[in-house]
Amino acid sequence: MKFKIEKPLVFVKAHTTGLDTKTDRIVAITIGKYNPDGSYKSGTRMVNPECHIPQEATAIHGITNEMVQNEKTFDQLAANLFGFMNDADIAGFNIKFDIEMLMEEFSRANLDYSVLGRNVIDLHEV
């Protein structure tokens, strides 16, 4: 895919234990980052949510408690994720939920992630 951007752009997809951004947790996150020079880097990390993943959530994303029990917690991953995406605009499908979830998870890790000064592109609304 070729497009011109002036600052990095990250595409984010978070899988969670539920839909309450205040109490539910991320169990997997995929981030793809496009840079203005045309370079691209992406990755997916499973995350130990430090709580039970309800069967209803597993039925949607397929991630079980056993799959994440030995993974790092968001708190352990937060600094690297924050550094990777903090200079970028953000995009995704129904991205408002992912942003709210990330803001809560970063806040629990004592990092202040904000969308102020960023372009936010919701592919659900395009």
Side-chain angles (χ1 to χ4, degrees):
M1 177 187 312
K2 294 257 187 201
F3 52 89
K4 185 164 178 60
I5 55 176
E6 295 181 15
K7 67 187 279 191
L9 176 64
V10 293
F11 288 84
V12 176
K13 177 60 184 158
H15 294 291
T16 65
T17 59
L19 299 176
D20 186 332
T21 59
K22 296 288 184 198
T23 59
D24 285 309
R25 305 299 294 265
I26 292 175
V27 298
I29 187 164
T30 299
I31 301 176
K33 183 176 185 179
Y34 289 89
N35 292 298
D37 66 4
S39 63
Y40 174 76
K41 185 174 182 181
S42 68
T44 298
R45 279 302 304 243
M46 300 290 269
V47 181
N48 182 335
E50 303 180 280
C51 64
H52 178 74
I53 303 171
Q55 180 57 39
E56 298 82 13
T58 297
I60 293 169
H61 51 56
I63 300 167
T64 66
N65 291 292
E66 294 75 23
M67 292 169 70
V68 297
Q69 68 185 0
N70 296 320
E71 298 294 334
K72 291 183 177 181
T73 65
F74 192 90
D75 192 56
Q76 293 170 319
L77 301 169
N80 284 339
L81 285 172
F82 188 84
F84 184 69
M85 62 186 294
N86 196 41
D87 65 340
D89 291 333
I90 187 166
F93 189 85
N94 197 21
I95 193 66
K96 180 181 178 196
F97 172 78
D98 297 273
I99 290 170
E100 288 178 15
M101 186 61 73
L102 280 167
M103 288 173 70
E104 284 297 322
E105 290 280 23
F106 280 130
S107 178
R108 285 192 272 277
N110 296 313
L111 295 167
D112 184 26
Y113 182 79
S114 172
V115 295
L116 294 176
R118 300 176 201 277
N119 291 309
V120 177
I121 304 163
D122 191 334
L123 300 174
H124 180 69
E125 297 176 3
V126 174

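Quick note: numbers below take in every heavy atom, side chains included, and nothing from hydrogens, waters or symmetry partners.
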Distance check, rounded to the nearest 0.5 Å: [X] atom [atom1] versus [Y] atom [atom2]?
X    : Y    : atom1 : atom2 : answer
I99  : S114 : CD1   : OG    : 9.5 Å
I29  : T44  : CD1   : OG1   : 9.5 Å
N110 : R108 : CG    : CZ    : 11.5 Å

According to a hydrophobic-cluster definition based on side-chain heavy atoms being under 4.5 Å apart (Ile, Leu, Val, Met, Phe, Trp, Tyr only), do [X] and [Y] belong together?
X   : Y    : answer
F84 : I121 : no
I95 : L9   : no
F11 : F106 : no
L81 : V115 : yes

Flag side-chain contact, heavy atom, 4.5 Å: [X] against [Y]:
X    : Y    : answer
K33  : V10  : yes
T30  : V12  : no
C51  : T17  : yes
M101 : D24  : yes
M85  : I90  : yes
N86  : Y113 : yes
T21  : T16  : no

Open item on the list: Angle between ring planes, Y40 versus Y34, binned at 30° and 60°: parallel, tilted or perpendicular?
Closed with: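 Tilted, since the angle between the ring planes falls between 30° and 60°.
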Task: Any donor-acceptor N/O pair, E100 side chain to F97 backbone, under 3.5 Å - done: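 No; judged by distance alone, with no hydrogens or angles, the pair does not exist.
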TODO: Please check if the side chain of E104 supplies one atom and the backbone of T23 the other of a donor-acceptor pair under 3.5 Å.
DONE: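 No; judged by distance alone, with no hydrogens or angles, the pair does not exist.
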TODO: List for me each residue that meets side chain to side chain contact (heavy atoms under 4.5 Å, CB included) alongside F93, sequence neighbours excluded, and say none if there are none.
DONE: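 Checked F93 against side chain to side chain contact (heavy atoms under 4.5 Å, CB included); matches are L123, H124.
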Open item on the list: Restricting to non-hydrogen atoms, name the atom on P8 and the atom on P36 that form the minimum distance, rounded to 0.1 Å.
Closed with: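 Where P8 meets P36 most closely, the heavy atoms are N-CD, 3.8 Å.
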Open item on the list: Looking at every non-hydrogen atom in both residues, tell me the closest pair between A78 and A109 and how far apart they are.
Closed with: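 Looks like CB-CB, 3.5 Å.
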Open item on the list: So, using side-chain hydrogen bond (donor to acceptor under 3.5 Å, both in side chains) as the criterion, who are the partners of S39 when residues are at least two apart?
Closed with: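 Expected list: N35, D37.
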Open item on the list: What verdict does the side chain to side chain contact (heavy atoms under 4.5 Å, CB included) test give for F82 and L77, after you've listed the backbone C-alpha separation in whole Å, the side-chain angles of each residue and the deciding distance to 0.1 Å?
Closed with: CA-CA 9 Å; F82 188 84; L77 301 169; over 6 Å; no
Task: Co-members of the apolar cluster containing I53 [side chain, <4.5 Å] - done: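 Its cluster partners, ordered by chain and number, are V27, M46, I63, M67, V68.
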TODO: Show which residues join I60 in its hydrophobic cluster (side-chain heavy-atom contacts under 4.5 Å, direct or indirect), or state none.
DONE: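 Members besides I60: none; it forms no cluster.
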Task: Derivation of the side chain to side chain contact (heavy atoms under 4.5 Å, CB included) call for V47 and E71 - done: CA-CA 6 Å; V47 181; E71 298 294 334; 5.8 Å; no
Task: Residue pairs, two or more places apart or on separate chains, that pass salt bridge (Lys or Arg N to Asp or Glu O under 4.0 Å) and touch residues 5-18 - done: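 Matches after skipping sequence neighbours: K7-D89.
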Task: Listed once per pair and sorted, the side chain to side chain donor-acceptor pair (under 3.5 Å) pairs that draw on residues 45-61, sequence neighbours left out - done: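 Those involving residues 45-61 are H52-N65.
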Task: Ionic contact status for D20 with R25, cut-off 4.0 Å - done: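 So R25 does not pair with D20 through a salt bridge.
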